[in-house]
2 protein chains.
Amino acid sequence: MEIQELKNKKDVAPNRENDETCCVPTLIEPALGVKQARKAADVFNALADPTRLTILSLIARSERGEACVCDLTASFNMGQPSISHHLKILKDADLIQGDKRGKWVYYSLVAGRDEEIKGLLDTILKIPLGV
Amino acid sequence: MEIQELKNKKDVAPNRENDETCCVPTLIEPALGVKQARKAADVFNALADPTRLTILSLIARSERGEACVCDLTASFNMGQPSISHHLKILKDADLIQGDKRGKWVYYSLVAGRDEEIKGLLDTILKIPLGV
DNA sequence: CCTTCAAATTGACAATCTTCGATGTCAATG
DNA sequence: CATTGACATCGAAGATTGTCAATTTGAAGG
């Protein structure tokens, strides 16, 4: 998850008049800030695990839009600490929020990003499984 | 990137009539197939790196919708093998395609998934950088 | 208080990822 | 056909990740 600065434009040849002569880069516009790329990668990284996607899906499709850790733990062949670990990653990426009520903690999609998150899931889940 | 089956429904208590008594999971509907979750996680994983996001952004915003490896290599403080490695990951996730013309290989967004990919990038890049 | 139970945290380990340097491949060119 | 340049592949080093077992925290109830 290391990050690197884009090289200064001056470091690369400025023009490509004759396209076939040599590899003279047409450097593209200020594409994406370093911080922006890092932040976006963090969000995608939170989504880059089957368990976490399933957790999100379970929460998104649950009757009340929330699920407690014990609900989730019961749904996987995996220890409770692992589920807590995944929940923390989703929470750090601002995808879910926890609400402690009594002894239980109920997780739901972050208010206001509800539709955005469901949209991301839907986009990806439309992809055919291939082969 | 390990995957696990959802536990059988029978493994968890079936009802939650009295909400406050105990943690009796309301198990949610067949949320997400294992294969589907894995495939989706692979795609998100390909997007979960700042360098790869920047590469995608450079390609998407380039004048002709494509860039050769030397263009990209010139844009990063990183060796050419590393760029090739990232390109392979993006290609394996069916996000980009390579076209060899002469000595050069030109990469572009996969035809037909053009808009989908740009949509994913836009969704995430709208996220405020926060703190 | 003392116990119980839900959830978070810690420490350890194996597996995976990012990067690099070195080498291999393949098209163009002389 | 030998060389050059663009790109891919390989092997290794170091960092990061996912999982588990053990422990800790914190609220509820006796």
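Here is how names work: the chains are called A, B, and so on, in the same order as the sequence lines, proteins then strands, and each is numbered from 1.
- Remark: Tyr107(B) is in phosphate contact with dA8(D), judged by side-chain N or O atoms under 4.0 Å from OP1 or OP2.
- The side-chain heavy atoms of Leu95(A) and Leu47(A), taken from C-beta on, include a pair separated by under 4.5 Å.
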Kindly indicate, with the supporting measurements, whether the criterion side chain to side chain contact (heavy atoms under 4.5 Å, CB included) is fulfilled by His86(A) and Thr54(A).
CA-CA 11 Å; His86(A) 288 302; Thr54(A) 306; over 6 Å; no

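- When the P atom of dC7(D) is taken as reference, atom CD of Glu66(B) falls 12 Å away, rounded to whole Å.
- Counting any heavy atom pair closer than 4.0 Å across all strands shown, His85(B) reaches a base atom.
- Checked for salt-bridge contact, Lys118(A) and Asp122(A) miss the test: no charged N lies under 4.0 Å from a carboxylate O.
- In this structure, Ile89(A) places its CD1 atom 8 Å from C1' of dG18(D), rounding to the nearest Å.
- Toward the 5′ end of DNA chain D lies the nearest nucleotide of His86(A), the other residue of the pair Lys100(A) and His86(A) mapping further downstream.
- Of the listed nucleotides (dT19(D), dA8(C), dT9(D)), dT9(D) has the atom at the smallest distance from the side chain of Ser84(B).
- With dC17(C), dG21(C), dA7(C) as the choices, the nucleotide that has an atom nearest any side-chain atom of Pro81(B) turns out to be dG21(C).
- Atom-to-atom, CG of Leu87(A) to C1' of dA7(C) comes out at 10 Å; the value is rounded to the nearest Å.
- In terms of phosphate contacts, Ser82(A) brings a side-chain nitrogen or oxygen within less than 4.0 Å of OP1 or OP2 of dC20(D).
- Here the nucleotide nearest the side chain of Cys68(B), chosen from dC7(D), dT19(C), dA7(C), is dC7(D).
- Thr73(B) places no side-chain N or O within 3.5 Å of a backbone atom of Cys70(B) that could act as its donor or acceptor partner.
- Side-chain proximity of Val69(A) to the nucleotides dT18(C), dA8(C), dT17(D) is greatest for dA8(C).
- dG18(D) atom C1' lies 15 Å from atom CD of Gln80(A), rounded to whole Å.
- Nucleotide dA7(C) holds its C1' atom 14 Å from the CG atom of Asp99(A), rounded to whole Å.
- Nearest nucleotide to the Lys103(A) side chain, out of dC7(D), dA8(C), dC5(C): dC5(C).
- The interatomic distance linking Asp42(B) (CG) with dC17(C) (C1') rounds to 14 Å, in whole Å.
- In this structure, the side chain of Ser57(A) does not engage the main chain of Leu53(A) through any donor-acceptor pair within 3.5 Å.
- Atom NZ in Lys91(A) sits roughly 7 Å away from atom P in dA8(C) (whole-Å rounding).
- Counting to the nearest Å, the P atom of dG18(D) and the CD1 atom of Ile55(A) are 11 Å from each other.
- Note on Arg52(B): only backbone sugar-phosphate atoms sit closer than 4.0 angstrom, heavy atoms only; bases stay farther off.
- When distances run from any side-chain atom of Met78(A) to the nucleotides dC7(D), dA7(C), dC20(D), the shortest one goes to dC20(D).
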